Amino acid sequence: MTMYGKLVIASRIFYLNNFNNNFMALLTSNQLQKFNEDGFLLIKGFYDVKKEIEPIHFGIWKIIQILLDKYKIDVERKAFSSATFDHGYKELIVHNRKYGGDLYDAVKQIPAFLRLVSMASNEKLFSEIRNTDFPGIAGAGYGIRIDNPNEEKFRSLWHYEYRDQLRSVDGVVFWSPLGSVKPETGPVQICPKSHKGGLRRSFLRDPENPDKTGAYAMRIENESGLIYQYGVTAPLCEPGDLILMDFLTLHSSGKNVSDRSRWSMQFRYFNFNDPSGIKINWTGCVMNGVQLKDVHPELVIEN
Ligand SMILES: O=C(O)CCC(=O)C(=O)O
Ligand SMILES: [Fe+2]
């Protein structure tokens, strides 16, 4: 074959590869239909555990080592392994629960985590779901939850994401575990099809949970009636899996009754093109110091 012939073939392969990258759908039509119908979708193995999840485990492990050193906590040290990436964390918070809060603030700044949050495949997935060419990432809307066994204070009560994040009504929550999520780990609880009920009102305060504050304290109107109406599902998942939730889908934290903390990543994509977002200048909510009642007074019941 001539040099010219080889060049033509190489450029065709390059074009086809890029064509595939840009135009091959990440979701099957079945998955898309399921998401639209149920308001959530579990995608098995969406992320590459070795390449994309392990570097996050490693970052968390390193920060824990630094804090164990800083506070001179006497715990046997273990070399890094993905399976035991949080070794020493239990001892850290037994020493002082506040150190857990410091770690929580720190881990969301691990570059490998931010790389995962802004992966092109997330953007593409969101574009496919919302049929948009302009996804956004909710600022201050990404983090790594650490749900400790039998701890009630930070558990999220029933909510839909738009209420707490705003940005745009057609947003999607990306939820992905850093450890195996079994029934006893307290999987995220979801009311299938509840997104079809649209925006719902919430009580500002929760007399049943006086220790919860701000958004943690809000309670959806007719919460128990809605749970009964839609039922609850709690998908089990493994590192690398991804759970997508519509911004209108009712969901809450499960109860972790295992002996290990539940580590999970969450971030949110919204649609810059959505008129609902343009109307409110894509403002954030709680995490940006904005009160829901100032943006949507009609969704708040003062009690
Ligand atoms: O993981 C949880 O317990 C709750 C998660 C949640 O509310 C979210 O990711 O938006
Ligand atoms: Fe949520």
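Values in this document were obtained by computation on a predicted structure and should not be read as measured data. Computed over heavy atoms, backbone and side chain alike; hydrogens, waters and symmetry mates excluded. Order of appearance sets the numbers: ligands from 1, and atoms from 1 within every ligand.
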Inset, instruction - Tell me, yes or no, whether the heavy-atom count around Tyr142 atom OH, taken from other residues, nucleotides or ligands under 6.0 Å, exceeds 12. - result: no

Inset, instruction - Give a yes or no on whether Gln33 atom CD has more than 12 heavy-atom contacts from other residues, nucleotides or ligands under 6.0 Å away. - result: no

Legend entry - Distance in Å, Ser168 OG paired with Arg268 CZ, rounded so as to fall on 0.5 Å steps: 13.5 Å

Legend entry - N, O or S atom within Glu161 nearest to the Fe ion (ligand 2), by name: OE1

I'd like the atom pairs linking ligand 1 to the protein - N or O on both sides, separation under 3.5 Å - with distances to 0.1 Å.
| from | atom 1 | to | atom 2 | distance (Å) |
| --- | --- | --- | --- | --- |
| ligand 1 | 1 (O) | Trp175 | NE1 | 2.7 |
| ligand 1 | 1 (O) | Arg262 | NH2 | 2.8 |
| ligand 1 | 3 (O) | Ser253 | OG | 2.6 |
| ligand 1 | 3 (O) | Arg262 | NH2 | 2.5 |
| ligand 1 | 7 (O) | His159 | NE2 | 3.0 |
| ligand 1 | 7 (O) | His251 | NE2 | 3.1 |
| ligand 1 | 9 (O) | Arg268 | NH2 | 3.3 |
| ligand 1 | 10 (O) | Glu161 | OE1 | 2.9 |
| ligand 1 | 10 (O) | Glu161 | OE2 | 3.1 |
| ligand 1 | 10 (O) | His251 | NE2 | 3.2 |
| ligand 1 | 10 (O) | Arg268 | NH2 | 2.8 |

Inset, instruction - Decide yes or no for His251 and Ser194: does some side-chain heavy atom of the first lie under 4.5 Å from some side-chain heavy atom of the second? - result: no

Legend entry - Side-chain donor/acceptor of Asn281 to backbone N/O of Thr283, under 3.5 Å: no

Inset, instruction - Can you tell me, to 10 degrees, how wide the angle at the Fe ion (ligand 2) is between NE2 on His159 and NE2 on His251? - result: 90°

Inset, instruction - Could you tell me whether a side-chain N or O of His87 sits under 3.5 Å from a main-chain N or O of Glu76, the two making a donor and an acceptor? - result: yes

Inset, instruction - Say whether, by atom type as modelled, one donor and one acceptor occur between the side chain of Arg130 and the main chain of Asp170 under 3.5 angstrom. - result: yes

